Amino acid sequence: MSSPSSPAESTTAAPAADGPRDFIRQIVREDLAAGKHVAIHTRFPPEPNGYLHIGHAKAICLSFGIAREFNGWCNLRLDDTNPGREDPEFVQGIKDDVNWLGYGWHELRHASDYFDVFYRAALKLIEDDLAYVDDLSADEMREYRGTLTEPGRNSPHRDRTVAENLDLFKRMRAGEFADGSRTLRAKMDMAAGNINLRDPALYRIRKVTHQNTGDAWPIYPMYDYAHALSDAMEGITHSLCTLEFEDHRPLYDWCVDKVDLPNHPELWQSVVAAGLEAKPAKPRQIEFSRLNLSYCITSKRKLAQLVAEGHVEGWDDPRMNTLRGLRRRGFTPAGIRLLIERVGVSKQNSVIDYAILENCVREDLDATAPRRMAVLDPLKLTLVNLPEGHTETLVFANHPKDESFGTRELPFARELWIEREDFAEVPPKGWKRLVPGGEVRLRGVGIVKCEEVLKDGAGIVTELRCTLDPESRSGLPGADRKVKGTIHWVGVPHAVAAEVRLYDRLFDVAAPDAEDDGQPWTAHINPDAKRVVQGWVEPAAARAEPEQRCQFERLGYFVADRADHRAEAPVFNRVVTLRDTWSKQG
RNA sequence: UGGGAGAUCGUCUAAUGGUAGGACAACAGACUCUGACUCUGUUUAUCUAGGUUCGAAUCCUAGUCUCCCAGCCA
């Protein structure tokens with residue numbers, strides 16, 4: 001898989017003239033203008049231990065988007081520094097989701113591609129007296145670290161000789177010591193105000209089989225070390241990450257500078273030998289605030305818990321705010337990208353209202369979704385002045401504003417299904433739909449008048465008997481006659497029964513994981529987030545391909561379920577309702 | 001009582017010493033064979049207190065509030 005947007009190395013990086021001008025893009029522009037780089041290189045480095053969620057969309061759109069805008073490239077790097085946590089299922093899922101969002105990577109890399117580089121670099125750090133092997137246990141190390149307000153103390157092993165450290169580290173690598181018995185630590189400053197700089201661990205012993213390297217390594221690098229060197233190895237120019245890594249930047253820079261990969265090609269011969277492109281450079285880390293969305297959960301642990309405890313039907317459940325969940329729900333990549341563009345980039349912590357996402361998806365779908373008709377809560381309407389058994393075929397535009405969507409045939413009949421909520425015996429103030437004795441336009445047909453209301457023994461309305469004004473048929477001059485409302489319908493003889501899944505927000509409070517109300521976050525799961533109804537759809541809707549979206553007029557946007565939909569047994573998911581200024585006024 | 005970061009309309013976000021602007025939301029109206037879409041209009045903001053300056057969101061001083069950091073996780 002390679003990026004459709006990756007240019008040749010020699011391509012001039014022309015700054016995009018318009019488009020977003022956030023602080024990161026300003027830095028990129030300035031760096032390019034100053035001739036600091038010939039091309040912009042970014043990366044998206046997920047840990048393959050879970051599926052991507054809406055929060056990742058920002059990181060993806062930023063790193064891949066900036067690379068594309070400035071004619072650079074972006075790598076997808078699976079950060080597999082900690083063995084035993086990865087799962088091939090997640091790796092494939094991540095690749096699928098990034099592609100689905102509309103991005104392709106220059107190269108797919110793994111942090112494990114550089115394990116040999118990391119090891120050699122560690123040897124170099126030891127030789128330069130910048131790292132040492134420590135025998136402290138995890139508990140002891142925590143004690144020695146000090147607290148936020150008190151400085152730490154030097155480990156008793158901090159002053160081992162270079163020769164001793166070299167010997168010990170090589171034996172760690174050879175698998176001579178037990179898990180957790182020793183670490184390799186950076187020799188920095190145990191009194192640093194920034195706790196990340198109090199001799200952070202660079203390597204730990206973990207005799208665990210690794211997804212990609214098998215049992216080749218009994219020691220594994222820590223994130224800060226591996227990440228910084230991976231960025232440098234790949235020639236990343238701008239390493240974009242979230243705010244919590246701000247404190248790590250001095251360590252990031254320390255690793256990059258002390259190892260100095262560009263001037264030590266002997267450290268990365270394994271990468272060259274493996275046939276991977278290697279042009280190490282000094283990367284710059286820039287932090288931005290993560291995307292927080294109300295009514296959403298972005299903790300991997302909690303997302304996994306929703307699946308494990310059966311609160312949802314899987315990682316791709318349409319109620320999940322994982323990317324695959326949003327996809328199955330019918331949200332569009334363009335809608336999500338629009339959200340990211342609207343939200344902007346800064347260093348301020350913020351929470352975006354979930355309604356913004358919904359509106360972005362509506363905006364995209366309004367322009368891209370063909371129109372169809374469906375009735376979800378059917379009430380029979382009979383046109384008594386049409387002959388018994390009358391049917392005809394009408395031609396409808398697929399989109400009200402875009403002729404390129406073409407037309408479709410829609411069977412019309414004497415008996416129709418209309419929406420039960422489009423009729424009221426006692427209408428509220430402002431009502432524009434059908435009432436006894438009243439008139440309304442049947443979408444694309446003409447004006448009908450309700451002559452008679454049939455009810456069952458319990459007083460429930462069972463059928464509306466109406467007359468169709470023949471002068472008002474669509475296309476005739478009489479069609480211009482004004483009536484207050486227009487309602488949708490499906491012809492009874494040709495209606496296709498469909499399962500329609502009506503989704504709503506998974507949580508009933510804006511901040512489900514705040515837990516400041518003494519309630520566990522699972523207490524806020526909305527039991528009505530999924531409602532399944534049987535409805536009637538027009539034949540053209542039933543013929544939809546899985547994952548094809550449409551607007552059911554006056555109801556909302558729907559998608560043919562990518563897993564369950566079949567033309568003979570249609571299954572639709574409601575993506576989002578139409579904006580409704582009528583019901584909102586209460 | 002440590003270190004790092006951030007405070008601008010309801011919400012995001014611009015303005016980089018020179019008219020506080022945009023988007024979204026809200027409200028009002030127009031249009032409408034979708035109570036959708038679209039269009040028009042309106043409302044609302046520089047954390048506080050001092051100072052520098054002809055001029056401060058921006059610079060200085062002192063406060064206040066919020067977020068992040070004490071994994072051999074990432």
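The structure displayed is predicted, hence computed values, not measured ones. Numbers restart at 1 for each chain; the letters A, B, ... are given by sequence-line order, proteins then strands.
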Less than 4.0 angstrom between a side-chain N/O of [X] and OP1 or OP2 of [N], yes or no?
{"X": "A:Arg579", "N": "B:G35", "value": "no"}
{"X": "A:Arg145", "N": "B:C72", "value": "yes"}
{"X": "A:Gln348", "N": "B:U11", "value": "no"}
{"X": "A:Arg342", "N": "B:U13", "value": "no"}

Check: If every non-hydrogen atom of A:Thr209 is compared with every non-hydrogen atom of A:Pro83, which pair is closest and at what distance?
Finding: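 Result for this residue pair: O-CB, 4.0 Å.
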Between the base of [N] and the side chain of [X], is one N or O donor paired with an acceptor at under 3.5 angstrom?
{"X": "A:Glu150", "N": "B:U1", "value": "no"}
{"X": "A:Asp247", "N": "B:G3", "value": "yes"}
{"X": "A:Arg371", "N": "B:U34", "value": "yes"}

Next item on the list: Starting from P on B:G21, measure out to CZ on A:Arg21 and report it in whole angstrom.
Entry: 20 Å
Next item on the list: Measure the distance from CD on A:Gln285 to C1' on B:A5 and round it to the nearest whole Å.
Entry: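 Answer to the nearest Å: 13 Å.
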Need one value for [X]: base, sugar-phosphate or nothing, where a base atom within 4.0 Å counts as base even if backbone is also close, heavy atoms only.
{"X": "A:Lys347", "result": "sugar-phosphate"}
{"X": "A:Glu287", "result": "nothing"}
{"X": "A:His227", "result": "nothing"}
{"X": "A:Leu243", "result": "nothing"}
{"X": "A:Arg433", "result": "base"}

Using the [atom1] atom as the point on both nucleotides, what is the distance between [M] and [N], in whole Å?
{"N": "B:C24", "M": "B:U32", "atom1": "C1'", "value": "24 Å"}
{"N": "B:U42", "M": "B:A5", "atom1": "P", "value": "42 Å"}
{"N": "B:U43", "M": "B:A20", "atom1": "P", "value": "16 Å"}
{"N": "B:G29", "M": "B:U58", "atom1": "C1'", "value": "39 Å"}
{"N": "B:A25", "M": "B:C9", "atom1": "C1'", "value": "11 Å"}
{"N": "B:C60", "M": "B:G17", "atom1": "P", "value": "12 Å"}
{"N": "B:G35", "M": "B:G10", "atom1": "P", "value": "33 Å"}
{"N": "B:A23", "M": "B:U44", "atom1": "C1'", "value": "15 Å"}

With distance as the sole criterion, is a donor-acceptor pair present between the side chains of [X] and [Y] under 3.5 Å?
{"X": "A:His227", "Y": "A:Arg43", "value": "yes"}
{"X": "A:Tyr144", "Y": "A:Asn154", "value": "no"}
{"X": "A:Asn75", "Y": "A:Arg109", "value": "no"}
{"X": "A:Asp139", "Y": "A:Ser137", "value": "no"}
{"X": "A:Asp80", "Y": "A:His110", "value": "no"}
{"X": "A:Arg284", "Y": "A:Ser239", "value": "no"}
{"X": "A:Gln285", "Y": "A:Glu287", "value": "yes"}

Notebook entry, point to check: Looking at B:U34, B:A74, B:C24, which one has an atom nearest to any side-chain atom of A:Arg443?
Noted result: B:U34
Check: Where the side chain of A:Asn82 is defined as all heavy atoms beyond and including C-beta, which of B:C67, B:C73, B:A23 is the nearest nucleotide?
Finding: B:C73
Margin query: Give the residues of residues 477-490 of chain A touching RNA chain B, defined as any heavy atom closer than 4.0 Å, sorted by residue number.
Written below: A:Lys482, A:Thr486
Checklist line | Most 5' of A:Ile356 and A:Pro400 on RNA chain B, judged by nearest nucleotide | finding: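 Looking at the nearest nucleotide for each, A:Ile356 comes out on the 5' side.
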Next item on the list: Apply the ring pair (Phe, Tyr, Trp, His ring centres under 6.0 Å) test between A:Phe169 and each candidate in A:Phe177, A:Tyr119, A:Tyr132; give the one that qualifies.
Entry: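 It is A:Tyr119; the other options fail the test.
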Item checked: Bracket string, RNA chain B, 5' to 3' - pairs by Watson-Crick or G-U geometry under 3.5 Å, | interstrand -> .((((((..((((....[..)))).(((((.......)))))....(((((..]....))))))))))).....
Check: Is the closest basic N to carboxylate O distance between A:Glu471 and A:Arg481 below 4.0 Å?
Finding: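 A salt bridge is absent here (no side-chain N lies under 4.0 Å from a carboxylate O).
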